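The block underneath contains the structure these notes are about, expressed in structure tokens.
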Amino acid sequence: MPKTYAFFDTLLITWYLRHKRELPWRATKDPYKIWLSEIMLQQTRVVQGLPYYLKFIEAYPTVKDLAEAPESDVLKLWQGLGYYSRARNLHATAKMVSNEMNGIFPKTYKNLLKLKGVGDYTASAIASICFDEPEAVVDGNVYRVISRIFGIKTPINSTSGQKKFKELAQNLIDKNQPGTYNQAIMEFGAQYCVPQNPDCENCIFKNMCAAFQTETVSNLPVKIKAKPVKRRYFNYLVILANNERTILQQRLGKGIWHKLYEFPLIETLDEINLNELIALPEFHKQTKDLNIESVVLYNEKAVIHKLSHQHLNTRFWIVETSHLKKQAAVGEHDVSISEIDNYAVPVLIENFVSEFFENYG
DNA sequence: AACACGGGGCG
DNA sequence: CGCCCAGTGTT
């Protein structure tokens with residue numbers, strides 16, 4: 001190992017012990033709690049995930065409690081955190097561990113990797129934190145810290161980059177305290193070696209940081225450009241029967257929000273007006289058994305709901321009817337307005353519901 | 001190897 | 001408006 005690596009881990013851990021945040025999952029080695037926190041924090045900031053972690057631990061103190069819950073409850077509790085496949089895989093894995101593994105989590109990196117929703121990062125985190133296995137985590141923080149200190153320009157989202165960074169990280173880890181080391185490098189990236197305008201002048205690695213020496217900090221890490229954002233046009237049919245009942249539709253296709261609920265949706269290639277809406281075959285299909293009294297556009301100015309790779313240009317159409325259809329289609333639920341809150345819905349829908357039904361109770 | 005998958009926060 | 005966040009699974 002090159003000489004410059006020699007005290008890297010010691011410096012890092014010393015910094016960590018002085019500056020680390022006190023977080024609930026840092027006060028335990030319970031694999032269930034570590035696993036839960038790691039799944040929640042995938043692509044998610046600590047401050048955003050923390051309240052969800054507390055809710056989940058309260059609702060499901062053990063993996064058995066989580067396993068015995070209906071998936072719909074788990075999704076509802078996850079509502080708003082995003083990347084909902086995490087919640088579905090979380091629940092599937094809880095059932096697997098509870099039912100097939102006697103409630104005991106695997107104790108090795110290799111076996112942890114077999115769990116649904118557990119990839120290289122999460123398996124490394126659990127193995128090191130709970131079982132002292134020296135397996136290096138490589139998350140967004142680690143990519144940033146390592147690329148800067150060692151001046152590595154390989155794109156972090158290329159296959160060769162992932163291999164290279166994992167290898168280097170594995171050489172850096174403190175094998176005597178791998179869990180502490182792994183958390184230290186992530187915390188250092190999150191709190192000090194931040195993406196924008198890090199305080200390099202006062203950094204403990206100032207003298208060995210390749211990026212600082214060559215003034216390339218702002219260029220690292222290198223990342224292959226993301227695809228342009230896609231624009232989509234959503235028309236939601238908010239069907240109101242006697243101002244008391246409505247229809248929710250579960251998303252069961254391939255795309256976003258799988259298994260979450262929304263109002264009946266008509267997606268178009270552009271923004272449409274009332275005449276265009278009611279002329280659509282889909283509109284007739286969605287409303288054929290209704291006795292429509294009126295169709296009114298709720299928001300002339302579309303809500304632009306922003307996801308990482310999509311901007312959803314959304315308008316809500318209020319469809320008043322004297323009754324709801326009798327025969328529900330697949331995934332369709334006839335619900336009273338007060339029951340909407342029981343369903344897991346995307347933030348886009350939650351925002352509309354809380355605004356529109358504010359005065360309904 | 002590329003792509004899909006949420007939502008929020010920051011400059 | 002673009003970038004990033006304690007990444008993983010599918011194609």
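Hydrogens, waters and symmetry mates play no part in the numbers below; they use all other heavy atoms, side chains included. The chains referred to below are lettered A, B, ... by the order of the sequence lines, with proteins before strands, and numbering in each begins at 1. Bear in mind the structure is a predicted one, so any value in this text is a computation, not a measurement.
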*Would you grab the first and last nucleotide of DNA chain B (5' to 3') that comes under 4.0 Å of any non-hydrogen atom in chain A?*
B/dA1 to B/dG8
*asked:* Under 4.5 Å between side-chain heavy atoms, counting indirect links through other Ile/Leu/Val/Met/Phe/Trp/Tyr residues: same cluster for A/Leu265 and A/Leu307 or not?
replied: yes
*asked:* For A/His311 and A/Ser37, find the nucleotide of DNA chain C closest to each by heavy atoms; which residue's nucleotide sits nearer the 5' end?
replied: A/His311
*asked:* What contact category does A/Ser158 fall into here, base, sugar-phosphate, or nothing, at under 4.0 angstrom with non-hydrogen atoms?
replied: nothing
*asked:* Which label fits A/His333 and A/Tyr343: parallel for a plane angle under 30°, tilted from 30 to 60°, or perpendicular past 60°?
replied: perpendicular
*Which residues satisfy the ring-ring contact (aromatic ring centres under 6.0 Å, His included) test with A/Phe212, sequence neighbours excluded?*
none
_So that I can tick it off, tell me whether A/Arg21 and A/Glu187 are bridged by a salt bridge, with the cut-off set at under 4.0 angstrom between side-chain N and carboxylate O._
yes
*Distance-only donor-acceptor test, A/Arg26 side-chain atoms vs C/dA6 base atoms, 3.5 Å*: yes
*Counting only non-hydrogen atoms, which of residues 43-62 of chain A are less than 4.0 Å from DNA chain B?*
A/Gln43, A/Thr44, A/Arg45, A/Gln48
*How would you label the contact of A/Ile39 with the nucleic acid (heavy atoms, under 4.0 Å): base, sugar-phosphate, or nothing?*
nothing
*Hey, does the side chain of A/Thr93 reach the backbone of A/Lys116 with a donor-acceptor pair shorter than 3.5 angstrom?*
yes
*Is any side-chain N of the basic residue among A/Glu135 and A/Lys110 closer than 4.0 Å to the acidic one's carboxylate O?*
no
*Mind running a 4.0 Å heavy-atom check of residues 181-200 of chain A against DNA chain B and sending the residues that fall below it, in number order?*
none
*Reckon A/Trp78 touches a base, only the sugar-phosphate, or nothing at all at heavy-atom distances under 4.0 Å?*
nothing
*With side chains defined as the heavy atoms from C-beta onward, is the minimum distance between A/Ile185 and A/Asn141 less than 4.5 Å?*
no
_Just the rounded figure in Å: distance from C1' of C/dC4 to CD1 of A/Ile224._
16 Å
_Can you measure A/Ile156 atom CD1 to C/dA6 atom C1' for me and round it to whole angstrom units?_
14 Å
*Spacing of A/Arg88 atom CZ relative to C/dT8 atom C1', expressed in whole Å*: 12 Å
_Whole angstroms only, please: what is the CG-C1' distance between A/Leu307 and C/dC1?_
16 Å
*With a 6.0 Å cut-off on ring centres, are A/Tyr52 and A/Trp78 close enough?*
no
*asked:* Without decimals, in angstroms, what is the distance between A/Trp25 CH2 and C/dA6 P?
replied: 10 Å
*Answer yes if the ring centres of A/Trp25 and A/Tyr53 are under 6.0 angstrom apart, and no otherwise.*
yes
*A/Asn242 side chain to A/Ser322 backbone, donor-acceptor under 3.5 Å*: yes
_Does A/Val118 reach a base, just sugar-phosphate, or nothing at all? Heavy atoms under 4.0 Å._
sugar-phosphate
*Side chain of A/Arg86, backbone of A/Gln42: donor and acceptor closer than 3.5 Å?*
yes
*How far, in whole Å, is C/dA6 from B/dA4 if one measures between their P atoms?*
24 Å
*Do any of residues 254-263 of chain A sit with a heavy atom less than 4.0 Å from DNA chain B, and if so which?*
A/Lys254, A/Gly255, A/Ile256, A/Trp257
_Spacing of A/Asn141 atom CG relative to C/dG7 atom C1', expressed in whole Å_ = 12 Å
*Looking across every strand, which nucleic acid part, if any, lies under 4.0 Å from A/Lys230 by heavy atom: base, sugar-phosphate, or nothing?*
nothing
*asked:* With salt bridge (charged side-chain N to carboxylate O under 4.0 Å, His left out) as the criterion, how do A/Asp132 and A/Lys29 come out once you've worked through the C-alpha distance, each side chain's angles and the decisive distance to 0.1 Å?
replied: CA-CA 10 Å; A/Asp132 296 308; A/Lys29 282 192 159 195; 3.6 Å; yes
*If the C1' atom of C/dT10 is compared with that of B/dG7, how far apart are they to the nearest Å?*
22 Å
*asked:* Please give the distance between the P atoms of C/dT8 and B/dG9 as a whole number of Å.
replied: 24 Å
_Interatomic distance where NE2 belongs to A/His309 and C1' belongs to C/dC3 [whole Å]_ = 11 Å
*Residue pair A/Glu271 / A/Arg315, side-chain heavy-atom distance below 4.5 Å*: yes
*Taking the nucleotide of DNA chain B with the closest heavy atom to each, which residue, A/Ser160 or A/Tyr83, is nearer the 5' end?*
A/Ser160
*A/Val347: which other cluster members, linking ILVMFWY side chains closer than 4.5 Å, directly or transitively?*
none
*When the distance from CG of A/Leu23 to P of C/dA6 is rounded to whole Å, what number comes out?*
11 Å
*Describe, in one word, how the ring planes of A/Phe316 and A/Tyr236 are oriented to each other, choosing from parallel (under 30°), tilted (30 to 60°) and perpendicular (over 60°).*
parallel
